[in-house]
Amino acid sequence: MKEILNLKNVAVEYDRHGRKVRAVAGVDLTLNSGEILGLVGESGCGKSTLGKAIVGILSPITGEIVFDGQKVKKLTRGKRPEHFRNLQMVFQDPYGSLNPRRKIGMQIADGLIVAGMSKKLALLKAEDLLEKVGLPRNAVGRFPHQFSGGQRQRISIARALAASPTAIIADEPISALDTSSQAQVANLLVNLVDEFDMGMVFISHDLSIVRRISDRVAVMYLGKIVEVGTVDQIWNNPSHPYTRALISAIPHADGTSFMPKDLPGDVPNPMSPPSGCRFHPRCPLAKAECASNEPELRKLADGRDVSCVLQTAGSQPVTITLN
Amino acid sequence: MNLLTVENLTVTLATGSGDAQAVRNLSFSVGHGEILGVAGESGSGKTMTALSMLGLLPYKGKASGSIKFDGREILTSTKREYRDIRGKEIAMIFQDPMTSLHPMLTVEVQLTEHLRHHRKVSKDAARNSALELLATVKIPEPAAALKAHPSQFSGGMRQRIAIAMALACEPKLLIADEPTTALDVTVQAGILKLLHQLRTDRNLSVMVITHDLGVLSSLTDRIMIMYAGSEVESGATSDLLQNPRHPYTKGLIAALPGNSEVNSKNLLSIDGMPPELGNFPSGCAFHTRCKFAKASCKETVPEVLNLSSDHRIFCPVNPFSELSNSGSK
């Protein structure tokens, strides 16, 4: 297993009416090849912003993002630097990410042609890629509106694959799809990661799907990672109160009258984040010190990282129960 | 007697290529204080069913059959009569609370509008009711909230305001169309709790439309599954989710991330796509994707098959009958 992506203290700011909003406030993360890293959190936690920073759509104000040994720089209007062609992104909305007036084949072939392939060969390759994602070869001659949402997302994936990526950032790739298509596209992503030994960051608000397909999970709250661990660690014994709250809020479709637990309050405004631990105003287990001391990520004995005063570095995780 | 009884409802919509049936021969009921869940993928006709009950079908949309509400037929209502039903008898909330609230008007104006129209109450009385409503849906500081605009609230709070608006004239039935789909799970749980509370406190009947079986499991008493405009299965929530009998329901439940085989990253999925409006297959519309389909499924529209007094399927093949009788998996 090779480390393909490394983030150190990455922070991203937006300018909003002259005020700075720090959407990502210092994130450390690694991604290995052949692995799916689930990135979860409520809307507004900065997970999409982080995804955009990784591929160079946004540029971090501090920290660095290293992809395959080289530092990621912000994309310019010119063509993508050779080295970063292998780092691709798939977006949530398959309607917005394809050009409605161009044929599918050319949209997939674009990247290949820029890379120096002849148009004829690139279109042939596009047919191969469409087949790879489960669409007919003759789809190259059709337009985006002739496909359903699930099929369009397959096309977006085929386009990302054209660059033979070693890492894919997938931002809510199945959220806009119907139940039938969701499972199909999720399976496609899992199989592609396996086949091409890629690394994938799977950004999603749907924890049950993340649980199913990811190897590791990172939980984000208000611009910071609060816990990273394997799926089993996060799911069966979450060590941060926020992770526990997220999992307790998922309804069970099992026909028992299980009532999910809500987490009162909203994600605070990132323009003025709370002092100390960013989660403390909503945390049922908050202590007095949480309002002033910001907890650092600490590594527990089982190898996971968590930022909560209830956990001690090097020890086994303390079980978190919320009322 | 049931609060709502729908019989043989068929909704026809005008499409670019002629008329198409979006809802076909649908019959169901909602009891007093009952929460019914309607599940299905997009295009299954669940939203059109709801809109036909409120007289809100799209241009040139036609509904036939019978919708009896509180003992009287409402499908034949005129536009004016529907105006008295909407909000007062049957209220509806939608997926996106930002589009169902007016962005330029204060919460007070929007909350009191119904009351002033339907009840002809004074401004002060309406204002007091609005304060109570906001407290009922657990909006902190109701007095301050009345003066605020929708954009000043988060998605979850906006949905609560939309629910308060819907409750203003004490409707007997609340239709909730994907009420939590746009919300985070942490916020969704709060809305589910609120709807439960309203049913208990006010004996409110609720019809929840969603594709999320998890939401239906925690919220509803009964579930109806729709496919291509028709019911395929309905039953008590626990029975239907734990012992699904129609191949489509079985497939939907198997495709849930929590239900796939352990130690496999792959989800089970139903092959193919749900059919589009105007292109529903003949006979049983699901036969094109069904592993158990026989030759006759292509020709014959399935008849109802009652498995018990409160569990029925529309599938003549009934492929899982032996499995469930023997009690094994």
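Nothing here was measured: the structure is a model prediction, and the numbers come from that model. In what follows, chains carry the letters A, B, and so on, assigned in the order in which the sequence lines appear, proteins first and then strands, with residues in each chain numbered from 1.
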Looking at A/Ser208 and B/Pro257, what are the two nearest heavy atoms and their distance?
-> O-CB, 3.3 Å

Which heavy atom in A/Pro260 sits nearest to a heavy atom in B/Leu192, and how many Å separate them?
-> CG-CD1, 3.9 Å

I'd like to check [X] versus [Y] (side-chain heavy atoms, cut-off strictly below 4.5 Å). Are they in contact?
| X | Y | result |
| --- | --- | --- |
| A/Leu246 | B/Val185 | yes |
| B/Asp184 | A/Leu263 | no |
| A/Pro251 | B/Gln188 | yes |
| A/Asp254 | B/Ser217 | yes |
| A/Ser181 | B/Met273 | yes |

Can you tell me how far CD of A/Gln182 sits from CG of B/Leu256, rounded to the nearest 0.5 angstrom?
-> 10.5 Å

Are there over 12 heavy-atom neighbours, none belonging to [X], within less than 6.0 Å of that residue's [atom1]?
| X | atom1 | result |
| --- | --- | --- |
| B/Glu141 | CD | no |
| A/Arg16 | CZ | no |
| A/Gln146 | CD | yes |

Got a donor-acceptor contact below 3.5 angstrom from the [X] side chain to the [Y] backbone?
| X | Y | value |
| --- | --- | --- |
| A/Gln184 | B/Gly272 | yes |
| A/Asn187 | B/Leu267 | yes |
| A/Glu42 | B/Thr186 | no |

Winner by heavy-atom pair count (cut-off under 4.5 Å) against chain B, out of A/Leu207, A/Ile250, A/Ile209 = A/Ile209

Residues 228-239 of chain B: residues contacting chain A (heavy atom under 4.5 Å, by number) | B/Thr237, B/Ser238

Sort by residue number and list every member of residues 154-164 of chain B having a non-hydrogen atom under 4.5 Å from chain A.
-> B/Ser154, B/Met157

Let me know if B/Leu252 has heavy atoms under 4.5 Å from chain A in its side chain, its backbone, both or neither.
-> side chain

Most heavy-atom pairs under 4.5 Å with chain A, out of B/Lys138, B/His211, B/Lys193, belong to B/Lys193

Pick one of side chain, backbone, both or neither for A/Ser43, based on which atoms fall under 4.5 Å of a heavy atom in chain B.
-> both

